[in-house]
Amino acid sequence: MSTLSGMLTRISDTLWRKPNLLILLLILPPALWLGIIYLGSLFALLAQSFFSIDEFSGVIKYELTLKTYGELFRPSNFDIIVRTVVMAIAVTIGAAIIGFPVAYFAARYARGKWKALFYLGVMMPLWSSYLVKVYSWKLILAKEGILNWMFETLRLGWLLDAYLSIPIIGGNSLSVSATGTFLVFLYVWLPFMILPIQASLERVPHTMLEASGDLGARPYQTFRHVLLPLALPGVIAGSIFTFSLTLGDYIIPQIVGSSRRFIGQAVYAYQGTAGNIPLAAAFAVVPIILMALYLWIAKRQGAFDAL
Amino acid sequence: MHSDRAPLGLKVAAGLGLAFMHLPILLIFVYAFTTEDKSYQWPPPGFTLKWFAVTWERTDVWEAMGLSLKVASISTVIALILGTLCAAAVSRTKFFGREAISLLVILPIALPGIITGISLRSAFNLADIPFSFWTIVLGHATFCVVVVYNNAVARFRRVSGSLVEASMDLGANSFQTFRYVILPNISTALLAGGMLAFALSFDEVIVTTFTAGQQQTLPIWMLEELVRPRQRPVTNVVAMIVVIVTFLPILGAYYLTRGTDTVAGQGK
């Protein structure tokens, strides 16, 4: 036996006799990588949110203070937070409404080839390029684009104009309105809502729905009192994605939307040209806290027990 | 039995939902051939193949594409190593801190990308690390680990422990067992995880804007064009190429993991 293979055998024997050593060796590289690079950076960021910036010199003062967090509650900043949360809620509700029939059909009725088609039909948009998806909506919503053309061709241009004249959700054109931002968010995050709903619906036995019908429930009643409660954990799991992703995004509202900013854009602006890293850090903490709160409520509602 | 037929309303709603998810992407394929180069005019006034030739000549597109491919390849290799190690440890035994480790792996993708991005950026600033190719890779590998991990951990659980014991009883050492017994069993899951990690990295923009210096990956190039459109037709063509490039690994991953417990891309 050559010395090399002898050595390998000895190492191998040691690892077999001491499984804990093996586990340690296996886990050490990923734990170090994620622990140092990721958690380290995360804590560095959190720490910076407790510093503040000198208003006159623009230099960061390295003293612990809550002043930066106080600035979040200034009306202009607080508006950004409220706007983002409202958008996240709207996107979540919209995604649940559009996603549910797709998930339900895929879970309950699609078989064989259709099942594969539905699966790929959700996976493809989920994994295809984020920027390309956003770009496609820039094409759709442009003034000379397909959506306006459709409205004009159907002679419904006046309807679109009337809609766009509504304050807050309207604007000069769809591509610079809050409605446009909403549509793009909805489009980009929709697959994240469908997959968990479908997973939860796959587990609902046929027989339960039939029993409900046999006991005299109308289809709507079966849906409302049997199917929906059973699918709710899936909806909540999906809403965690849509909510969190909307809270943190800064590219979509920058490309399609009005000049009114969202949390992500505020973070980006404060850390970039403004050079106010503490305030950017404090803004970045907002989605973390909101998500923690959201998960905590979801847990208290028992959403995870059913998952 | 009426319960096996979908009600018409449901069929229509599901079909519309799917159409909503796919039509916008298909639209890009039409725009890549339009003769209009100043606006996003619909319907296109005419069709041409000219922009493919123009894009072919653009060195900035090629450079960005090259950088993206390089970053994605190296990040995928790192993610494959770290993700497999982690999955092997977590699926093998229950040990102290196991839950914490699985949470740690998922965290970079569970938290919004901007938080990962700005954390890394401020850490690089604090540590005086200049932005380079490697800072991009560092960020990408961190969030790619989870994809490999998710695919690998599901497969590891299905590789029965008795296989490993049988191999050892027959005289193989741990390394031989890994090479000849475990690896063939998990290889398709690793390949699928690797493909998805590659697709994820190739497409990443949010973290990259924070960890890249002057370098332009393809998504960064694309973002610049989105914010300040300079040459729309070239952007249209690049968008179409990106769609095709990312679809191939996804289809591949789907066929590799089809019929197994795990679902490709579960973790995104």
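Throughout, protein chains are lettered first and strands after them, A, B, ... in sequence-line order, and every chain is numbered starting at 1.
Within the 4.5 angstrom heavy-atom criterion, no atom of A/M291 approaches chain B. Contact annotation for A/A142: only side-chain heavy atoms (C-beta onward) come within less than 4.5 Å of a heavy atom of chain B. Both the backbone and the side chain of A/A116 come within less than 4.5 Å of a heavy atom of chain B. Heavy-atom distances place the side chain of A/I251, and not its backbone, under 4.5 Å from chain B. Contact of A/I255 with chain B is made through the side chain alone, with heavy-atom distances under 4.5 Å. For a residue to count as touching a neighbouring chain, one of its non-hydrogen atoms must lie under 4.5 Å from one of that chain's; by this rule A/L39 touches chain B with the side chain only.
Residue A/K115 places its NZ atom among more than 12 non-hydrogen atoms of other residues, nucleotides or ligands, all under 6.0 Å distant.
Using a 4.5 Å cut-off on side-chain heavy atoms (C-beta onward), B/N236 and A/L139 make contact. B/L85 is not listed as a side-chain neighbour of A/L28, based on a closest heavy-atom distance of 4.5 Å or more. When side chains are defined from C-beta on, B/T142 counts as touching A/L34, because their heavy atoms get closer than 4.5 Å. For the pair A/L126/B/M21, no side-chain contact is recorded, criterion being any heavy-atom separation below 4.5 Å from C-beta on.
For the residue pair B/Y40 and A/S175, no side-chain donor N or O sits within less than 3.5 Å of a side-chain acceptor on the partner. No side-chain N or O of B/S119 forms a donor-acceptor pair with one of A/S41 less than 3.5 Å apart.
For the side-chain contact (heavy atoms from CB on, under 4.5 Å) criterion with A/S128, the lone passing option out of B/V242, B/D203, B/I25 is B/I25.
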Checking B/F210 against A/Y268 for the ring-ring contact (aromatic ring centres under 6.0 Å, His included) test, could you report, in this order, the C-alpha distance in whole Å, the side-chain angles of both residues, the deciding distance, and whether it holds? CA-CA 9 Å; B/F210 290 97; A/Y268 190 71; 5.6 Å; yes
